[in-house]
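To find a chain, count down the sequence lines: A is the first, B the second, and so on, and within it residues start at 1.
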Number of protein chains: 4
Amino acid sequence: MGRKQAIIQSATRLFAQKGFAETSTAEIAEDAGVAHGTLFYHFKNKRGIIHEIFSMAGDVYLRNLKSVLARQNNGMEGIEAIIRFNENYSRDHIQQIRIFQRFFPDLGNDADPEKMLLDSLKQQVIDLIRKSLETGAADGSIACAKIHETADVIHSLIFGITHMNLMESADTPALTEEAIAFCRRALTPGGQDCQRV
Amino acid sequence: MGRKQAIIQSATRLFAQKGFAETSTAEIAEDAGVAHGTLFYHFKNKRGIIHEIFSMAGDVYLRNLKSVLARQNNGMEGIEAIIRFNENYSRDHIQQIRIFQRFFPDLGNDADPEKMLLDSLKQQVIDLIRKSLETGAADGSIACAKIHETADVIHSLIFGITHMNLMESADTPALTEEAIAFCRRALTPGGQDCQRV
Amino acid sequence: MGRKQAIIQSATRLFAQKGFAETSTAEIAEDAGVAHGTLFYHFKNKRGIIHEIFSMAGDVYLRNLKSVLARQNNGMEGIEAIIRFNENYSRDHIQQIRIFQRFFPDLGNDADPEKMLLDSLKQQVIDLIRKSLETGAADGSIACAKIHETADVIHSLIFGITHMNLMESADTPALTEEAIAFCRRALTPGGQDCQRV
Amino acid sequence: MGRKQAIIQSATRLFAQKGFAETSTAEIAEDAGVAHGTLFYHFKNKRGIIHEIFSMAGDVYLRNLKSVLARQNNGMEGIEAIIRFNENYSRDHIQQIRIFQRFFPDLGNDADPEKMLLDSLKQQVIDLIRKSLETGAADGSIACAKIHETADVIHSLIFGITHMNLMESADTPALTEEAIAFCRRALTPGGQDCQRV
DNA sequence: GATGAATGAGATTTCATTCAT
DNA sequence: GATGAATGAAATCTCATTCAT
């Protein structure tokens, strides 16, 4: 593995453990087994490191999520799959997720290139949720009047669960299953008239 | 207003705007119009300032939320009230909320006194959600099999909405209303058999 | 002597000896016998130190020059006094002069606050030369057709002599006396018609 | 153009623009379109680059100046030609001149090989001035008692004008013409007795 | 001849905290 | 109670130079 990869790996672990601001570049270099200056040969600055991590992680997340979605049979299954995928991915890539969640609050101004990266990722996830809702509305597996807002609601729910996951303050597999059941009840057409509200 | 209050006020604004690590004690002192050293007369250290902010803010949030809940007529109304209260409170106390959200990810180890404060606050909110679910189950306004998990789901949803709010990436009043509708559909007994899942 | 004065003194000596870029802040602090951080308590940054040195030195130079000029009897004596004053001042404040001369070339863009300081100082000296030329033209001690340009010529001459002085590449007291004689010949009215050119 | 020439060209431009210390070797390499390491193949170190620039520039300056001087008819014309040559050369080789002027102050100790280069150049120019003065004294175009000191005075004047030129703080063509007139008045024999002083 | 990855020494600056007054 | 000068540890980043290829 090249030095650049070693740096990315170490940085990922340390940012996840201690946060971005709390991790020094000297620490990353030492952990990666390279000279301090080497960091700044491969990356413009400290932020450049996290930028690369974000960019790579976002790509993997989206690619995997899409491949999972492609295997679903109808809209409701899609929604289920998205929620469950997030749970699984969070467990398998806990460090990446932790960095994402840690970094969100530091992203103040909209010009921030990292904020743009994360915003774009979020928007793509919301779009996939929306597409599943639309598919479900078409194939009859989902009854939903306000697709736009409902997509936001589901995304909020997923985000909140992920947060609980990171805080280790709940049995998240169970939480995820209950969230799916919750959505099913809210979205399944049937005795309940979802237009009513 | 005494010097201590001035410090708390300035710190609240600055922490909300720029984050904890990014705000220097000198900056707080200048903004508050006191000498730098005065901060350390009133607070043990920088962390002591945010501790006091958290502690006060949590008290206000909970007291207000409880007083709102006391005025509801049944369990389902309670759930609605909690979600809506969070929206209103977030709007009115945006700085406090922003500090909470900003600080969460920095709280790593469980021994952390600020993490304990926030955990306790979260737990109390979840308890209030649970109590409303139980009330609703008793008064017939809610059909819910797994109260414990459902409370976590709703809390996750609220947390996610608050996050969207802070990121200013959604029309949150509309999002809140749709979330309430979503919960209503998921929780209202009726044609839909909520035991089924 | 307070710490701030000690810093200024050390910085003056070191900047004169080695130049601005070549002197590190750590070096200044050590020489002044203060902690490294103390520099940045008293000055915004490294440039702030040289700014203060410039500002103080320029004031002293101008004040002294003006007081010398006030004691002259006519315009030609004024020109002589200016050239001689510069020689004496350079000898007595060799460090200040060295810093000035060293710093000039680093001052690129006009927005530079230090460049503005130095430009203003230079302009004031040129104005004093011009005033002496005008006085001399009025009192008959000087014959000069183009006062504006001649003032620039004399200032260039003074600047060049100061430079030679710093480079220690000439016997400058003798050079100064010859420069005065040179100017006398060029400016004294008489058999030579200075309009001619 | 070979790589070495490209490096020299880029370095000349950058040193003139930003100064020696402020220009990094990496910057020069990039500007020249060669690899960073290539610099150190062609030059011993960073200083070696400026040494070559100085050496070449000094040669050109002197050769041209001498060729101009050869075409003058008497001593006074020689002095005029030197002053005017400097103005023209400065305008045409502004970068070279800027590097010279920028570098002078950094040359502290006499052992410095670059200082020796510049000192030698300066001495040769002064010698040429002196020779013109002597020629003029012989051919009757100049009246000058102290040739040695006067040569220094004229060199100082030229240096000062060049500095004004670089600082862009005067209309230097006009300044140059006035300086020539100034020298004419000071040096031309006539009604004025130059022995007198 | 030429490259560019890697280095390590050092530079400037920030900042929470202390303490004498 | 309050101050603010002073500190020193640590952080980010720069950069001339080396060297294996």
Q: Quickly work out the D:Ile28 CD1 to F:dA16 C1' distance and round it to whole Å.
A: 11 Å
Q. Does NZ or CZ of D:Lys122 fall inside the cone over D:Phe100's six-membered ring, less than 6.0 Å from its centre and within 45° of the axis?
A. no
Q | For atom CD of C:Glu30 and atom C1' of F:dT7, their distance in whole Å | A | 16 Å
Q) Going through the distances and angles, do D:Ile8 and D:Met56 end up as a side-chain contact (heavy atoms from CB on, under 4.5 Å)? A) CA-CA 10 Å; D:Ile8 288 181; D:Met56 286 167 42; 4.1 Å; yes
Q.
For B:Arg98, run the side-chain contact (heavy atoms from CB on, under 4.5 Å) check against B:Thr162, B:Leu166, B:Thr12 and tell me which one passes.
A. B:Leu166
**Q.** Dot-bracket notation for DNA chain F, counting Watson-Crick and G-U pairs under 3.5 Å, with | for partners on another strand
**A.** .||||||||||||||||||||
Q: Test B:Lys4 against B:Glu52 for side-chain contact (heavy atoms from CB on, under 4.5 Å), laying out the working first.
A: CA-CA 11 Å; B:Lys4 188 171 181 180; B:Glu52 187 124 342; 3.5 Å; yes
Q.
Donor-acceptor pair, distance only, cut-off 3.5 Å: does the side chain of A:Thr38 make one with the backbone of A:Ala35?
A. yes
(Q) I need the NZ-C1' distance between C:Lys4 and F:dT7, as an integer number of Å. (A) 18 Å
Q: List the steps and the verdict of side-chain contact (heavy atoms from CB on, under 4.5 Å) for C:Asp59 and C:Phe54.
A: CA-CA 8 Å; C:Asp59 285 354; C:Phe54 277 170; over 6 Å; no
Q) If you pin A:Leu39 and D:Val34 to their nearest nucleotides in DNA chain E, which one's is more 5'? A) D:Val34
Q) Once you round it to whole Å, what is the distance between C1' of E:dT12 and CG of C:Leu14? A) 16 Å
Q: State which of F:dT3, E:dT3, F:dA6 makes the closest approach to the side chain of B:Arg3.
A: F:dT3
(Q) B:Tyr41: which residues meet the side-chain contact (heavy atoms from CB on, under 4.5 Å) condition with it, sequence neighbours left out? (A) none
Q. Counting only N and O atoms by type, is there a donor-acceptor contact under 3.5 Å from the side chain of D:Ser120 to the main-chain atoms of D:Met116?
A. no
Q: Using atom CD of A:Gln5 as one end and atom P of E:dA6 as the other, report the distance to the nearest whole Å.
A: 12 Å
Q. Taking protein heavy atoms under 4.0 Å as touching, what does nucleotides 13-21 of chain E look like 5' to 3' if B marks base contact, S marks sugar-phosphate-only contact and - marks none?
A. BBSBBB---
Q: Specify the separation, in whole Å, of atom CZ of B:Phe43 and atom C1' of F:dG1.
A: 14 Å
Q | Side-chain (B:Lys46) to main-chain (B:Phe20) donor-acceptor, under 3.5 angstrom | A | yes
